[in-house]
There are 2 protein chains.
Amino acid sequence: MSDLDLVMQRLTMRGHRITETRRRVLDVLVSMPAHFTVDDVLRQLPDVGRATVFRMMKLLQDLNVVCRVLMEDGSLHYRLSTRGHHHHLVCRDCGKVEDFSNCDVSSLVQQLAASTEYEIEGHWLEVYGRCSTCRALEGTAVGA
Amino acid sequence: MSDLDLVMQRLTMRGHRITETRRRVLDVLVSMPAHFTVDDVLRQLPDVGRATVFRMMKLLQDLNVVCRVLMEDGSLHYRLSTRGHHHHLVCRDCGKVEDFSNCDVSSLVQQLAASTEYEIEGHWLEVYGRCSTCRALEGTAVGA
DNA sequence: CTTATAACTGATACTTAGTATCATGTCAGA
DNA sequence: TCTGACATGATACTAAGTATCAGTTATAAG
Ligand SMILES: [Zn+2]
Ligand SMILES: [Zn+2]
Ligand SMILES: [Zn+2]
Ligand SMILES: [Zn+2]
């Protein structure tokens with residue numbers, strides 16, 4: 001089943017309607033790169049209301065099919081993802097994203113719990129770097 | 001030397017002026033709890049211009065005496081801190097913050113680098129939980 | 001102590017991200 | 001096909017932050 005079908009299914013399962021607008025927005029979302037903003041979406045759907053897209057992003061978050069990526073400057077971008085809790089490894093050059101959750105955050109958290117007496121209940125982690133493709137390109141770049 | 005003196009020193013060292021407004025804003029900042037917003041500051045200094053406080057927060061970031069705390073909802077708060085790169089452990093109940101940097105993020109980063117072929121250049125980590133004080137209080141809370 | 005001037009300030013207007021309201025439109029089941 | 005709850009778009013609003021600009025002030029050279 002495609003991500004798109006999955007979203008449709010979850011929508012109806014929860015009593016939400018499949019409208020023409022929702023279908024159009026979803027079509028745009030699946031065509032988007034790894035992460036995007038609401039304005040990226042609006043630019044491709046000028047006749048769709050701003051509030052509608054924001055409402056939809058919130059809905060999709062409730063349905064656990066989008067997450068938010070924290071950029072290094074502190075701004076938040078959206079990303080289609082049907083994973084539960086996970087983290088992002090974002091390429092600074094091309095914006096490509098790797099989701100990961102099989103990480104060793106838990107050991108870090110245990111260290112912290114021991115040294116601080118906090119009871120730890122959540123965390124947010126984003127990692128930034130450059131993907132192999134972009135690193136390979138750098139060597140051959142004009143002027144490099 | 002107090003944090004406040006340190007800031008003054010760094011300001012003059014970089015050719016910035018010590019003005020009455022800056023002194024007043026700094027006084028408020030050091031009196032603030034672990035993290036705060038610009039509007040928290042403005043509420044205590046109604047005659048200081050909004051832009052001035054934002055300008056000052058940016059300046060203080062350049063001087064490495066404030067950092068930003070990512071709250072769980074995605075909003076950013078400010079925090080006075082003269083540390084370099086570090087992370088936050090934020091109490092969900094009282095807002096208390098522990099800075100930490102002696103963490104095991106580097107091993108996590110190495111794992112990631114090995115499994116993804118990304119060259120890793122940065123990260124952002126925030127941890128949320130409840131401090132020992134708030135946990136102790138819970139047991140004695142009315143109605144608990 | 002002046003004075004020149006670069007730095008600083010506050011007001012205002014603007015931007016970006018997101019929420020609230022509300023009249024109109026439409027999906028989907030009876 | 002009827003109907004009402006759900007969805008939509010326009011509009012206006014909030015919150016965080018930036019840009020502009022005319023007026024003020026710190027500071028250091030004289
Ligand atoms: Zn995790
Ligand atoms: Zn890349
Ligand atoms: Zn606490
Ligand atoms: Zn670190």
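Chain naming here is simple, since letters A, B, ... match the order of the sequence lines and numbering starts at 1 in each.
Of all the residues in residues 12-19 of chain A, A:H16, A:R17, A:T19 reach under 4.0 Å from DNA chain D with at least one non-hydrogen atom. Non-hydrogen atoms lying under 4.0 Å from DNA chain C are contributed by nothing in residues 21-35 of chain A.
Spacing between atom CE of A:M56 and atom C1' of C:dG18 amounts to 17 Å, rounded to whole angstrom units. Rounded to whole angstrom, the span from the CG atom of A:L11 across to the P atom of C:dA28 amounts to 11 Å. Summarising the geometry, the separation between CG on B:L70 and P on D:dA16 is reported as 14 Å, rounded to the nearest angstrom. Across the protein-nucleic acid pair, B:D73 atom CG and C:dA17 atom P stand 16 Å apart, rounded to whole Å. Going from atom CG of A:D39 over to atom P of C:dG18 covers 9 Å, rounded to whole Å. Here C:dA7 presents its C1' atom at 12 Å from CG of B:L59, a figure rounded to the nearest Å. Remark: C1' of C:dT19 and CE of A:M57 are 16 Å apart, rounded to the nearest angstrom. In this structure, A:F36 places its CZ atom 17 Å from C1' of C:dT16, rounding to the nearest Å.
Cluster annotation: B:V41 is connected to B:V7 through the hydrophobic network of ILVMFWY side chains, with a link wherever side-chain heavy atoms come within less than 4.5 Å.
Both A:D47 and B:E20 lie close to DNA chain D; mapped to their nearest nucleotides by heavy-atom distance, the more 5′-ward contact belongs to A:D47.
Side-chain atoms of B:H88 and B:H35 form no donor-acceptor pair, as typed in the model, at a separation below 3.5 Å.
The main-chain N or O of B:L89 is never found under 3.5 Å from a side-chain atom of B:E98 such that the two would form a donor-acceptor pair. Under the 3.5 Å distance criterion, the side-chain polar atoms of A:S115 are matched with a main-chain donor or acceptor of A:Q111. Under the 3.5 Å distance criterion, the side-chain polar atoms of A:R22 are matched with a main-chain donor or acceptor of A:R17.
Every side chain to side chain contact (heavy atoms under 4.5 Å, CB included) that A:T52 has, sequence neighbours left out, goes to A:T21, A:V48, A:R55. Checked against side chain to side chain contact (heavy atoms under 4.5 Å, CB included), B:S107 has the following partners two or more places apart in sequence or in another chain: B:D104. Partners of A:T82 under the side chain to side chain contact (heavy atoms under 4.5 Å, CB included) rule, at least two apart in sequence or in another chain, are A:D3, A:L6, A:V65. Applying the side chain to side chain contact (heavy atoms under 4.5 Å, CB included) criterion to B:E117, with sequence neighbours excluded, gives A:S132, A:R135.
For residues 37-62 of chain A, the set of pairs meeting the ring pair (Phe, Tyr, Trp, His ring centres under 6.0 Å) definition, not counting sequence neighbours, is empty. For residues 57-77 of chain B, the pairs satisfying salt bridge (Lys or Arg N to Asp or Glu O under 4.0 Å) are B:E72-B:R92, with sequence neighbours left out. Counting only residues at least two apart or on different chains, the salt bridge (Lys or Arg N to Asp or Glu O under 4.0 Å) pairs with a member in residues 78-91 of chain A are A:R79-A:D99. Annotation: salt bridge (Lys or Arg N to Asp or Glu O under 4.0 Å) contacts involving residues 23-40 of chain B, sequence neighbours excluded, comprise B:R24-B:D47, B:D39-B:R50, B:D40-B:R43.
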Collect all protein-nucleotide pairs involving nucleotides 17-23 of chain D in which both atoms are nitrogen or oxygen and the distance is under 3.5 Å.
unit_1, atom_1, unit_2, atom_2, d
D:dG17, OP2, B:Y78, OH, 3.3
D:dG17, N7, B:R50, NH2, 3.2
D:dT18, OP1, B:K58, NZ, 3.1

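Overall, the helix from C:dC1-D:dG30 to C:dA30-D:dT1 carries an axis bend of 20° between its ends, with five pairs at each end and the value rounded to 10°.
Ring pair A:H123/A:H85 is perpendicular by interplanar angle, where above 60° counts as perpendicular and below 30° as parallel.
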